[in-house]
Amino acid sequence: MTLVLASGSATRAALLCAAGVPFTARPAHIDEDALKQGLLDQNMSARDIADALAEAKARKQSLIQPGALVLGADQTLELADGTLLSKAQSPEEAVTFLQRMSGQRHRLHSAAVIAENGEPIWRALESVKLTMRPLGRDYVADYVASHWDDIRHSVGCYQIEAVGAQLMARIDGSHFAILGLPLLPLLGFLRDRGIMAS
């Protein structure tokens with residue numbers, strides 16, 4: 001049985017490699033922005049949007065990979081007031097986002113769905129609470145200017161496994177979920193299916 005990662009995320013691929021999971025990466029190309037907007041228009045929660053996007057990726061790639069287990073994953077960031085924050089499109093927007101999160105709590109929702117022959121057969125979703133310390137304006141501007149190339153693809157404009165750890169005052173939840181994958185539940189499923197040794 002083959003596991004296919006329907007994602008181009010280097011971080012998710014690195015997590016699977018480090019955990020010893022055999023897989024091949026074949027990103028599923030979906031119109032993520034349009035799908036997300038449609039889900040927002042339906043008043044879907046940030047948590048459910050992460051799950052729906054992960055399922056869409058898994059289903060799409062699964063239809064062209066018959067017999068394979070296809071893993072789709074996605075992550076959303078929810079501010080304390082319930083607002084969904086997307087990836088920053090520019091350094092200026094990243095500064096605005098970080099200033100908005102400064103001194104506040106937010107949640108990351110990380111979803112994973114496995115599809116087989118076009119149908120979802122397994123899913124997991126983990127949420128993490130993060131509290132950002134109060135950040136000075138100059139600090140935020142310097143942080144974004146120094147790390148834009150690294151954080152531009154990260155929702156929330158930080159990488160917790162790097163200098164982004166300095167932005168946080170408290171974290172409650174799975175480190176793997178922060179990186180975008182509910183890894184421990186996934187490993188359990190892969191052991192059950194015989195892809196990983198038990």
Side-chain angles (χ1 to χ4, degrees), residues 1-78 82 84-87 107-129 152-156 159-161 173-198:
M1 182 70 68
T2 303
L3 178 69
V4 175
L5 174 62
S7 170
S9 166
T11 301
R12 291 189 181 102
L15 283 174
L16 293 175
C17 285
V21 178
F23 72 98
T24 57
R26 291 197 172 88
H29 300 291
I30 63 170
D31 189 343
E32 195 167 328
D33 291 336
L35 181 54
K36 186 183 295 185
Q37 188 56 54
L39 297 170
L40 284 169
D41 291 345
Q42 297 174 44
N43 295 315
M44 193 171 283
S45 70
R47 183 180 171 92
D48 288 343
I49 288 172
D51 181 67
L53 291 171
E55 180 175 321
K57 294 173 185 177
R59 276 181 180 271
K60 181 167 185 181
Q61 195 58 251
S62 178
L63 289 170
I64 57 175
Q65 299 285 325
L69 296 179
V70 178
L71 170 63
D74 205 274
Q75 184 181 65
T76 57
L77 187 152
E78 180 184 10
L84 184 72
L85 203 64
S86 296
K87 295 174 183 175
R107 292 175 187 261
L108 288 176
H109 304 291
S110 290
V113 174
I114 289 182
E116 186 175 22
N117 298 318
E119 293 298 324
I121 61 167
W122 175 89
R123 64 199 333 121
L125 201 153
E126 293 184 337
S127 299
V128 183
K129 295 179 188 176
R152 64 188 305 167
H153 301 297
S154 299
V155 64
Q159 291 180 310
I160 206 70
E161 69 275 26
S174 163
H175 176 72
F176 301 121
I178 296 173
L179 299 181
L181 193 64
L183 182 63
L184 298 184
L186 173 62
L187 294 176
F189 171 80
L190 295 177
R191 284 192 295 269
D192 289 344
R193 287 297 296 257
I195 291 178
M196 303 285 293
S198 58

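All of these numbers come straight from a predicted model, not from anything done at the bench.
- A donor-acceptor pair under 3.5 Å is formed between the side chain of R12 and the backbone N or O of G180.
- Across all non-hydrogen atoms, the minimal contact from V113 to P120 is CG1-CB, 3.8 Å.
- Side chain of S62 to backbone of N117: a donor-acceptor contact under 3.5 angstrom is found.
- When every heavy atom of V4 is checked against every heavy atom of A68, the shortest pair comes out as CG2-CB, 4.0 Å.
- The nearest pair of heavy atoms linking A177 to V128 is CB-CG2, 3.6 Å.
- Counting only distance, with no hydrogens or angles, the side chain of K60 and the backbone of H29 share a donor-acceptor pair below 3.5 Å.
- Using a 4.5 Å cut-off on side-chain heavy atoms (C-beta onward), L69 and F189 make contact.
- Salt bridge E78/R47: absent, no basic N to carboxylate O contact under 4.0 Å.
- Expressed to the nearest 0.5 Å, how far CG of D31 lies from NZ of K36 amounts to 11.0 Å.
- Here the OG1-CG distance, from T76 to L39, works out to 10.5 Å after rounding to the nearest 0.5 Å.
- Annotation: the span from F23 atom CZ to L5 atom CG amounts to 5.5 Å, rounded to 0.5 Å.
- Taken to the nearest 0.5 Å, the CG atom of N43 stands 12.0 Å off from the CG atom of D48.
- Considering CD1 of I121 and CZ of R123, their distance stands at 11.0 Å, rounded to 0.5 Å.
- A salt bridge links R193 and E116; the closest N-O separation between the charged side-chain nitrogens and carboxylate oxygens is under 4.0 Å.
- Scanning all heavy atoms of the two residues, the minimum distance from A46 to L84 falls at CB-CD1, 3.6 Å.
- R26 places no side-chain N or O within donor-acceptor distance of the main-chain N or O of A6, the cut-off being under 3.5 Å.
- Nearest heavy-atom pair across A25 and S7 is CB-O, 4.2 Å.
- Under the 4.5 Å side-chain criterion, counting only non-hydrogen atoms from C-beta, F176 is not in contact with S110.
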D41 vs Q37, test: side-chain hydrogen bond (donor to acceptor under 3.5 Å, both in side chains). Steps then yes/no. CA-CA 6 Å; D41 291 345; Q37 188 56 54; 2.9 Å; yes
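- Atom CG of L3 and atom CG of L186 lie 7.0 Å apart (nearest 0.5 Å).
- Considering all non-hydrogen atoms of both residues, A124 and P185 come closest at CB-CB, 4.0 Å.
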Please assess T11 against H153 for the test side chain to side chain contact (heavy atoms under 4.5 Å, CB included), listing each intermediate value before the final yes or no. CA-CA 11 Å; T11 301; H153 301 297; over 6 Å; no
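- Taking the side chain as every heavy atom from C-beta outward, P27 and K57 never approach each other to under 4.5 Å.
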Passes side chain to side chain contact (heavy atoms under 4.5 Å, CB included), E126 versus H109? Steps please. CA-CA 6 Å; E126 293 184 337; H109 304 291; over 6 Å; no
